[in-house]
Amino acid sequence: MLEEQLKASIRDVEDFPQVGITFKDITPILKDPELCHQVVVEFAEQLKDIEIDAIAGIESRGFLFGFMLANYMNKPFIPIRKQGKLPYKTISESYKLEYGQATIEIHDDAFESGQKILIHDDLLATGGTVVAASKLIEKLGGVVAGYSFVISLDFLNSRGRLTRFSDQIVTLVSYNQ
Ligand code: AMP
């Protein structure tokens, strides 16, 4: 089963980037081309009934499978990046981190008003990042078509934060603790 294969591949790194965090390292998945292919095929299968015009991936690990998936599904890929990285005209959204705040940006011509955008990131933790990404999509007149994550930390109970944008949430690996 794909979830078991992924769990066997994902590496837990304790106390990274700070004490108390168990970091889910997906780089071992990236070393396995067949497993990467299966990830993309599985996402595409689970997303096949959702209308999607483009896929937005969040810097930086959201670019990895986000771009592969967009290309596999023959959809445009849109990068959402940290402040100051995108070269053209941008709009931005700030959100709170555990300590301090972060700002993400999207090009203001990333898609046409009314288009349906799937938001992709490697991992759903508190949901703060994808809520901010969802606000960017709506500010540009888009509709959040759904979300895809390789990993969901279900013990943080953050899915409820996303449902006001879309209840289409695809995850391949869930952790309950
Ligand atoms: P959040 O905004 O809390 O949902 O955090 C999600 C973002 O932080 C994603 O872009 C993840 O890559 C990263 N992240 C948060 N927690 C972890 C973790 N335990 N392991 C790996 N990445 C994480």
Side-chain angles (χ1 to χ4, degrees), residues 2-32 35-36 39-40 42-43 47 54-70 77-86 90-106 110 117-139 144-177:
L2 182 59
E3 181 168 17
E4 280 150 20
Q5 276 179 270
L6 289 170
K7 274 194 171 165
S9 182
I10 292 162
R11 174 166 57 193
D12 281 3
V13 181
E14 300 300 336
D15 297 325
F16 182 88
Q18 60 195 53
V19 176
I21 304 283
T22 302
F23 191 87
K24 299 291 183 192
D25 178 16
I26 62 165
T27 60
I29 303 175
L30 306 179
K31 287 164 68 179
D32 184 339
L35 189 54
C36 288
V39 165
V40 170
E42 182 61 24
F43 273 136
L47 292 164
I55 297 179
I58 301 176
E59 182 175 2
S60 57
R61 289 180 299 280
F63 290 174
L64 299 167
F65 288 108
F67 181 69
M68 268 183 88
L69 180 62
F77 177 76
I78 299 163
I80 292 180
R81 298 205 61 182
K82 288 166 189 150
Q83 189 169 38
K85 300 284 185 186
L86 285 169
T90 58
I91 62 159
S92 37
E93 183 70 33
S94 296
Y95 61 103
K96 272 198 201 139
L97 298 174
E98 206 173 343
Y99 300 101
Q101 66 159 35
T103 301
I104 53 174
E105 296 183 334
I106 191 170
I117 312 298
L118 179 87
I119 296 176
H120 172 84
D121 204 356
D122 67 325
L123 182 144
L124 173 66
T126 66
T129 310
V130 282
V131 165
S134 305
K135 289 180 181 167
L136 282 180
I137 300 300
E138 291 193 344
K139 270 189 192 171
V144 177
Y147 301 92
S148 63
F149 303 95
V150 181
I151 301 168
S152 162
L153 303 184
D154 281 350
F155 55 90
L156 295 175
N157 293 317
S158 49
R159 282 172 191 249
R161 293 185 71 186
L162 312 186
T163 49
R164 70 182 156 116
F165 300 101
S166 172
D167 58 6
Q168 303 288 338
I169 305 170
V170 171
T171 65
L172 303 185
V173 183
S174 297
Y175 291 92
N176 295 311
Q177 56 177 8

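Whatever order the structure lists them in is the order used to number ligands and atoms, beginning at 1.
Residue-environment remark: NZ (K139) exceeds the threshold of 12 foreign heavy atoms within 6.0 Å.
Atoms of ligand 1 lying under 4.0 Å from at least one heavy atom of T22, given by number and element, are 18 (C), 19 (N). Close contacts between ligand 1 and D122 involve ligand atoms 9 (C), 10 (O), 11 (C), 12 (O) [criterion: under 4.0 Å to a heavy atom]. Ligand 1 places these atoms under 4.0 Å from at least one heavy atom of T126: 1 (P), 2 (O), 3 (O), 4 (O). Short contacts between ligand 1 and R61, defined as distances under 4.0 Å to a heavy atom of the residue, involve ligand atoms 11 (C), 12 (O), 13 (C), 22 (N). Counting atoms of ligand 1 from 1 in the listed order, those under 4.0 Å from a heavy atom of T129 are 1 (P), 2 (O), 5 (O), 6 (C), 7 (C). Residue K24 has at least one heavy-atom neighbour below 4.0 Å for each of these atoms of ligand 1: 18 (C), 20 (N), 21 (C).
For a threshold of 3.5 Å applied to N or O pairs, the pair formed by A125 and ligand 1 contains at least one separation below that value. For L123, no nitrogen or oxygen atom sits less than 3.5 Å from a nitrogen or oxygen atom of ligand 1, counting backbone and side chain alike.
For S94 and T103, the side-chain atoms include at least one donor-acceptor pair closer than 3.5 Å. Residues R159 and T171 bring a donor and an acceptor atom of their side chains to less than 3.5 Å of each other.
Put simply, CG on L153 and OH on Y175 are 8.5 Å apart, with the number rounded to the nearest 0.5 Å. Rounded to the nearest 0.5 angstrom, I137 CD1 and I80 CD1 are separated by 4.5 Å.
Among protein heavy atoms, atom 10 (O) of ligand 1 sits closest to D121 OD2, 2.7 Å.
Under a 4.0 Å heavy-atom criterion, I58 is not in contact with ligand 1.
No donor-acceptor pair closer than 3.5 Å links the side chain of D25 to the backbone N or O of D12.
Selection from G127, S152, A132 by nearest heavy atom to atom 4 (O) of ligand 1 gives G127.
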For a salt bridge (charged side-chain N to carboxylate O under 4.0 Å, His left out) check, start with the C-alpha distance between K85 and E59, then their side-chain angles and the critical distance, and finish with the verdict. CA-CA 10 Å; K85 300 284 185 186; E59 182 175 2; 5.3 Å; no

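Relative to the ring axis of F165, K135 does not place its NZ or CZ within 45° and under 6.0 Å from the centre.
Protein heavy atoms are found less than 4.0 angstrom from atom 20 (N) of ligand 1.
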